[in-house]
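Take a look at the structure set out below.
Since the structure is predicted, the reported quantities are computational estimates derived from the model, not experimental observations.
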Amino acid sequence: MRISVLGASRNTGRYFVEQAIASGGDFDITVLARNPDALGFTSDEMQKIAVVKGDALVRDDVARAIKGADVVLCSLGAKIDGLRKPQDMGVEETGTLHVLDILKETRQENPPHVIMVSSTGVGETNGNYDVPYVLRPLYSIFLKAPHKHKTVTEAAIKDSGLPYTIVRPALLTNGEATKKYRADIGVCGYTISRRDVAHFILEQCVLKNNFPNASPSIAY
């Protein structure tokens with residue numbers, strides 16, 4: 001299985017690649033990276049992936065990274081560091097729209113499975129039924145801007161006609177992988193570790209394809 005990952009340099013995308021390699025599965029993994037030398041993978045892991053140097057904001061770079069893929073994981077998002085202005089705001093929208101446009105032009109037959117990492121409180125969950133009541137002010141104030149981009153991206157994926165899964169994690173943490181979480185349509189919870197999101201994507205979305213053309217939420 002050929003898997004292309006956008007957003008593999010950190011967080012969920014990076015953990016997905018690490019877990020896919022550790023699983024010993026028959027995967028050919030390609031990652032897109034602005035600075036391949038800055039990727040945090042071990043030398044052993046680097047030997048087991050192909051790296052395309054480029055930017056998710058540049059269409060031609062994305063095209064090179066996803067060529068021939070069976071699965072395209074879009075784990076893109078702004079880099080948020082405390083109260084500082086987020087970096088790369090809207091990258092998930094621009095990068096994923098590039099993916100969709102390229103695939104609709106070049107892969108009308110046998111298109112790949114597109115998987116997007118989104119968030120609870122986005123899309124039809126904008127009514128917050130999958131967000132705990134006490135967290136709703138935080139979502140509406142601090143996550144308003146990134147969620148605006150995620151909402152546009154989700155809608156574009158659903159309208160693309162491509163096979164997809166949109167994964168909506170609760171508030172993300174840097175905790176370990178517990179492999180004990182709840183994942184289904186409308187699951188409501190407070191947090192989930194990025195490693196557990198990666199585990200869910202690998203085991204349930206890639207290997208088992210348990211949520212075709214659906215938008216499951218995931219939380220503890």
Side-chain angles (χ1 to χ4, degrees), residues 3-20 29-36 38-41 49-67 69 71-81 84-104 112-123 142-160 162-172 174 192-195 197-198 200-202 205-206 215-218:
I3 304 175
S4 294
V5 183
L6 277 61
S9 61
R10 58 189 177 91
N11 298 336
T12 304
R14 173 181 171 181
Y15 299 138
F16 171 86
V17 173
E18 291 175 348
Q19 291 179 28
I29 301 173
T30 299
V31 305
L32 178 65
R34 289 173 177 165
N35 184 2
L39 287 169
F41 301 114
I49 63 176
V51 181
V52 172
K53 184 176 181 179
D55 193 325
L57 298 174
V58 179
R59 190 182 191 278
D60 288 347
D61 293 346
V62 173
R64 289 187 294 119
I66 68 173
K67 185 176 181 180
V71 175
V72 178
L73 172 59
C74 298
S75 183
L76 299 165
K79 185 176 181 180
I80 299 175
D81 183 11
R84 297 179 182 178
K85 184 178 179 179
Q87 300 176 32
D88 292 331
M89 183 65 74
V91 65
E92 65 270 60
E93 179 180 342
T94 302
T96 306
L97 291 183
H98 284 330
V99 168
L100 301 178
D101 288 343
I102 292 163
L103 294 179
K104 285 188 287 186
H113 181 188
V114 177
I115 302 173
M116 174 199 174
V117 180
S118 185
S119 173
T120 51
V122 174
F142 295 104
L143 298 179
K144 182 177 180 179
H147 279 195
K148 178 181 178 181
H149 293 289
K150 286 178 169 48
T151 297
V152 172
T153 308
E154 284 197 12
I157 289 174
K158 292 176 181 179
D159 290 342
S160 69
L162 298 166
Y164 73 87
T165 304
I166 295 169
V167 180
R168 293 172 172 157
L171 286 179
L172 292 162
N174 290 320
I192 185 72
S193 78
R194 293 177 172 89
R195 289 178 174 86
V197 176
F200 170 73
I201 293 171
L202 177 62
C205 302
V206 172
S215 306
S217 301
I218 176 171

ask   = Is it true that atom NZ of K104 has more than 12 heavy atoms of other residues, nucleotides or ligands lying nearer than 6.0 Å?
value = yes
inquiry  = Tell me whether Q19 contacts the main-chain N or O of R195 through its side chain, where contact means a donor paired with an acceptor under 3.5 Å.
reply    = yes
task = Write down the atom of T153, the atom of E93, and the distance for their closest heavy-atom approach.
result = OG1-CA, 3.1 Å
task = Over all heavy atoms of both residues, which pair between G13 and S75 is shortest? Give the atoms and the distance, please.
result = N-OG, 3.2 Å
ask   = Any idea which heavy atoms bring L76 and G7 closest together, and the distance?
value = CD2-N, 3.7 Å
query = Heavy atoms, side chains only, cut-off 4.5 Å: are I115 and V72 in contact?
reply = no
ask   = Which distance, rounded to the nearest 0.5 Å, do you find between the CG of L39 and the CD1 of I49?
value = 6.0 Å
Test: R194 cationic atom under 6.0 Å from Y15 six-membered ring centre, within 45° of axis = no
inquiry  = Is it the case that the side chain of H98 and the backbone of L57 share a donor-acceptor pair, with hydrogens and angles ignored and the cut-off at 3.5 Å?
reply    = yes
inquiry  = Taking the side chain as everything from C-beta on, heavy atoms only, tell me whether T165 gets closer than 4.5 Å to P216.
reply    = yes
task = Any chance you could lay out the side-chain contact (heavy atoms from CB on, under 4.5 Å) test for F16 and V197, step after step, and finish with the verdict?
result = CA-CA 8 Å; F16 171 86; V197 176; over 6 Å; no
message = If you apply the rule side-chain contact (heavy atoms from CB on, under 4.5 Å), what do you find for V71 with S4, and how did you get there?
response = CA-CA 6 Å; V71 175; S4 294; over 6 Å; no
query = Atom SG in C205, atom OH in Y164: separation rounded to 0.5 Å?
reply = 12.5 Å
N/O donor-acceptor pair under 3.5 Å between R64 side chain and K53 backbone = yes
message = Are the side chains of K158 and S215 in contact, using a 4.5 Å heavy-atom criterion?
response = yes
message = Side chains of I66 and L6, heavy atoms from C-beta outward: is any pair under 4.5 Å?
response = yes
request  = Carefully, step by step, assess V5 and T30 under the rule side-chain contact (heavy atoms from CB on, under 4.5 Å).
outcome  = CA-CA 6 Å; V5 183; T30 299; over 6 Å; no
key: Test: E154 and R168 ion pair at under 4.0 Å   = yes
ask   = Judged by atom type as modelled, is there a donor-acceptor pair below 3.5 Å linking the side chain of D61 to the main-chain atoms of D55?
value = yes
query = Taking side chain as C-beta onward, heavy atoms only, is V17 less than 4.5 Å from V31?
reply = yes
query = Heavy-atom distance under 4.5 Å between the side chains of P169 and V117, does that happen here?
reply = yes
Atom pair OG (S160) and CG (L97), whose distance is rounded to the nearest 0.5 Å = 10.0 Å
query = Is there a side-chain contact between V122 and I166 (heavy atoms, below 4.5 Å)?
reply = no
inquiry  = Using every non-hydrogen atom in the two residues, find where V91 and A56 come nearest and quote the distance to one decimal.
reply    = CG2-CB, 4.4 Å
ask   = Atom NE2 of H147 and atom OG of S118: how far apart are they, to the nearest 0.5 Å?
value = 7.0 Å
key: P112 to A69 - nearest heavy-atom pair and separation   = CB-O, 3.2 Å
key: Pairwise distance CZ(F200) to CD1(I192) - rounded to 0.5 angstrom   = 9.5 Å
remark   = In short, L100 meets I157 closest at the heavy-atom pair CD1-N, 3.7 Å
inquiry  = Could you check whether any side-chain heavy atom of V167 comes within less than 4.5 Å of a side-chain heavy atom of M116, counting everything from C-beta outward?
reply    = no
query = Rounded to the nearest 0.5 Å, how far apart are OG of S119 and CG of L171?
reply = 7.0 Å
